[in-house]
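Residue numbers start at 1 and run along the sequence shown. A quick note: this is a predicted structure, and the numbers were derived from the prediction, not measured. Read the numbers this way: they start at 1 and go in the same order the structure lists the ligands and their atoms.
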Amino acid sequence: MTQKTTHADLANAIRALSMDAVELAQSGHPGMPMGMADVATVLFSQFLKFDASRPDWADRDRFVLSAGHGSMLIYSLLHLCGYADWDIGTLKNFRQLGSNAAGHPEFGHGGGIETTTGPLGQGLATAVGLALGEARDNAQFSDALVNHRTYVIVGDGCLMEGISHEAISFAGHQKLSKLTVLFDDNTITIDGDVGLACSDDQIKRFEASGWHCQAIDGHDPDAIAQALRNAQNSPLPSMIACKTVIGFGTDKKAGSSAAHGAPLGGTEIAAARKKLNWAHAPFDIPEPIQNAWGTIGARGALKRTEWQSRLDATDKASQTSFALHISGALPDRWEAALERHAQKMAETAPKMATRQASGKALEVLTPIISGLVGGSADLTGSVNTKTPDTLSMTPDSYQNRFIHYGVREHAMGAIMNGLALHGGTIPYSGTFLVFANYMHASIRLSALMGLRVVYVLTHDSVGLGEDGPTHQPVETLAMLRATPNLNVYRPADAVEAAESWAHALKRTDGPTAIVLSRQGLPTLRKDGALKGYGDRGGYILRPTDKDARDVTLIATGSEVSLAVEAQAELASYGIRAAVVSLPCWEVFDQQPKAYRAQVLGSAPCIGIEAASELGWHKYIGKDGAFVGMPGFGASGPAPDLFEYFGLTPTHIANTAKALLKQTKGTS
Ligand SMILES: Cc1ncc(C[n+]2csc(CCOP(=O)(O)OP(=O)(O)O)c2C)c(N)n1
């Protein structure tokens with residue numbers, strides 16, 4: 001006679017897989033998955049709308065494990081539910097090189113992982129972006145096509161991180177009612193009791209930001225189900241504090257930090273097997289339990305086919321527009337329109353700050369590309385990211401395309417990641433370059449996940465003037481350039497600004513930072529062909545006669561025009577200087593060697609950039625000279641600061657003369 005599979009059987013399957021995989025790997029975090037197994041079981045078996053056979057179903061609920069160290073929780077769930085990428089062999093290879101089952105959940109490592117998590121708090125803020133993406137698409141396409149929820153499991157650590165405050169506050173303000181936070185309220189972190197470092201009342205904290213809150217026993221399946229039902233009915237985002245025991249089922253380690261992040265050891269595992277009444281060998285899931293989980297994994301199939309029928313029943317034009325929206329493909333006309341704009345800039349040659357030039361490019365792009373969703377961190381008028389086509393988004397108008405992120409740079413980056421992951425949106429948003437430090441953890445995850453997110457970073461040097469060294473970035477460009485898979489553009493004029501946007505939008509495998517000046521800059525480019533020189537990341541902007549060079553001046557952004565002036569000054573001394581504009585190092589570095597050699601030439605080189613020297617020697621060599629910032633900036637009018645720090649054509653020319661004297665004996 002077969003016994004009915006119980007809730008405990010289902011949850012214990014997660015516990016067993018988690019403790020055994022960590023034990024086999026001799027690395028990982030068993031405590032959190034064992035503690036949250038009951039909550040996850042109720043969520044997946046009764047609430048989460050998903051179909052394991054189609055992890056790409058656009059209207060699936062999103063599940064995020066913000067407490068990413070508990071990765072065996074999500075891997076166990078995906079395996080048990082029958083996701084194709086998560087067979088038992090994958091779990092046995094937990095934390096091994098090349099396995100989908102990476103140390104922390106990584107987006108792209110198999111279906112069912114909605115985002116990369118691990119840096120605590122990021123998953124929560126990214127989930128806010130996922131929920132916002134749903135709200136936007138729901139407003140555009142209606143309940144029939146877009147109506148899903150976002151669930152996120154967070155731990156004490158996620159809630160202690162500062163980004164959580166920004167994310168909670170933003171979600172409460174935007175009334176993201178389809179977002180549910182499941183707080184693993186086990187009061188344990190690595191150091192021990194959470195009380196060592198934190199005495200927040202998390203319920204009051206969420207309530208203060210406009211959330212619906214509940215506190216439950218996280219091991220009581222009925223209480224969990226009731227709380228999830230209540231959350232579904234709330235017009236506010238919901239937080240459920242689930243009181244759990246870390247390492248539930250273990251003997252001596254349960255409820256203590258010893259269960260947090262180390263293999264439990266044979267004795268504890270044997271004791272847990274006994275306590276949980278789990279008599280099966282490691283990785284052996286009895287058939288009835290496996291079947292019950294398989295049924296859970298297929299629960300959403302009917303809902304998915306019903307959804308597909310609704311989509312099929314809409315007219316062809318709506319189907320095409322929905323498919324285009326979800327795919328993120330760009331409509332045809334945008335590039336020609338941007339090129340016409342760039343050509344106009346080249347012809348009219350305005351003196352314009354590149355932040356304004358970026359705004360002008362956006363005015364061309366936003367009416368054509370409906371997926372572009374802009375924003376700023378309370379610097380809208382300064383970063384020029386709002387256009388007449390992007391109205392402010394509010395809880396009453398989620399379909400609008402401009403997000404006031406407020407003064408919340410860090411969450412802004414993570415929310416943009418969530419929007420990009422949700423699909424249907426190309427998020428871009430602005431703040432000052434110096435505050436990229438604040439959101440670098442999120443920028444890093446955009447790059448790691450390969451998301452098309454555009455960071456508009458203005459006020460990019462001492463050229464911002466009187467706000468002084470607190471606002472004048474010096475090291476930030478080096479930090480951004482050191483981030484793998486992030487393209488960093490620093491355009492010199494309005495044409496290069498348009499080119500930067502073209503590249504950022506065409507790029508589908510990673511983020512782009514567009515770094516822009518506060519101060520007006522002359523238009524240097526005489527052509528506006530977007531597929532011309534600028535396509536290569538760096539090019540000879542002002543050649544010498546027959547390319548016979550004594551020196552090469554390599555500059556980016558606002559310093560390119562200084563180099564052009566220095567070229568003329570050097571010419572008066574009979575020195576032939578070529579000017580290279582290098583707006584994007586990453587793209588230039590990918591060009592064929594012969595092209596790079598031709599651009600950089602063999603004459604001595606001078607790098608010119610109002611920033612730190614770090615990184616420049618790969619272009620100027622060990623013998624090249626650098627004109628830039630020796631340390632932090634200072635408070636004062638921008639022209640005075642450029643003079644003070646030697647960012648002038650004359651200083652560049654003198655540096656060139658000295659360099660030539662040193663290398664060739666030329667004066
Ligand atoms: C931003 C960040 N800081 C530090 C860590 C290292 N870390 C991983 S788990 C953890 C403790 C988290 O405690 P909690 O969220 O309560 O998890 P639990 O002990 O319940 O598993 C820390 C400090 C991290 N992953 N991310």
Side-chain angles (χ1 to χ4, degrees), residues 14-15 18-19 21-22 27-40 64-76 94-95 102-106 115-127 152-168 181-203 205-206 217-219 239-250 253-264 268 409-411 413-414 417 437-446 448:
I14 297 173
R15 293 189 173 102
S18 299
M19 67 182 183
V22 171
S27 168
H29 302 74
M32 184 269 171
M34 297 181 83
M36 282 298 274
D38 291 309
V39 172
V64 174
L65 186 69
S66 186
H69 57 281
S71 53
M72 269 314 302
L73 176 68
I74 191 165
Y75 300 156
S76 302
F94 176 52
R95 293 197 154 212
H104 294 80
E106 288 190 46
T115 180
T116 297
T117 54
L120 296 173
Q122 285 287 334
L124 169 57
T126 305
V152 51
I153 289 183
V154 307
D156 295 296
C158 292
L159 297 189
M160 273 195 262
E161 289 291 349
I163 191 173
S164 75
H165 177 73
E166 299 181 20
I168 293 164
V181 167
L182 295 156
F183 167 32
D184 179 17
D185 187 9
N186 63 18
T187 64
I188 292 293
T189 66
I190 293 177
D191 277 4
D193 194 277
V194 76
L196 288 168
C198 183
S199 47
D200 293 345
D201 181 330
Q202 299 293 2
I203 297 257
R205 186 177 162 224
F206 275 76
D217 174 352
H219 297 299
M239 187 275 248
I240 306 172
C242 310
K243 188 57 83 186
T244 64
V245 176
I246 191 169
F248 182 94
T250 59
K253 297 188 175 177
S256 86
S257 63
H260 166 90
L264 295 168
E268 273 291 272
E409 292 85 0
H410 196 176
N417 286 343
N437 292 354
Y438 267 43
M439 63 175 165
H440 187 247
S442 303
I443 297 176
R444 187 173 186 273
L445 283 185
S446 314
L448 182 59

Identify, by atom number and element, the atoms of ligand 1 in contact range of [X], meaning under 4.0 Å from any of its heavy atoms.
X	value
Thr189	13 (O), 16 (O), 19 (O)
Gly157	13 (O), 14 (P), 15 (O), 16 (O)
Gly155	15 (O)
Glu161	1 (C), 2 (C), 3 (N)
Gly118	24 (C), 25 (N), 26 (N)

Below 4.0 Å, non-hydrogen atoms only: which portion of [X] touches ligand 1? Side chain, backbone, both or neither.
X	answer
His29	neither
Ile246	side chain
Asn186	side chain

Quiz item: With a 4.0 Å cut-off, strictly under, does atom 1 (C) of ligand 1 pick up any protein heavy atom?
Solution: yes
Check whether any side-chain N or O of [X] sits under 3.5 Å from a backbone N or O of [Y] as a donor-acceptor pair, and report yes or no.
X	Y	result
Asp200	Gln202	no
Glu166	His410	yes
Lys253	Leu264	yes
His219	Val245	yes

Is [Y] close to [X] at the side-chain level, that is, under 4.5 Å between some pair of heavy atoms?
X	Y	result
Ser71	Phe94	yes
Leu159	Phe206	yes
Cys242	Asp185	no

Quiz item: For atom 17 (O) of ligand 1, which candidate among His69, His104, Met160, Met36 holds the nearest heavy atom?
Solution: His69
How far is [atom] from the closest protein heavy atom, and which atom is that?
atom	answer
atom 19 (O) of ligand 1	His260 ND1, 2.7 Å
atom 5 (C) of ligand 1	Leu120 CD1, 4.0 Å
atom 23 (C) of ligand 1	Ile190 CD1, 3.7 Å
atom 16 (O) of ligand 1	Ile188 O, 2.7 Å

Practice problem: Classify the angle between the aromatic ring planes of His29 and His104 as parallel (below 30°), tilted (30 to 60°) or perpendicular (above 60°). | Solution: tilted
Exercise. Nearest 0.5 Å please: distance from the CZ atom of Arg205 over to the OG atom of Ser164.
Key: 4.0 Å
Self-check item: Proximity flag Gly70 to ligand 1, non-hydrogen atoms under 4.0 Å
Solution: no
Exercise. Indicate whether any N or O donor in one side chain lies under 3.5 Å from an N or O acceptor in the other, for Asn186 and Thr244.
Key: no
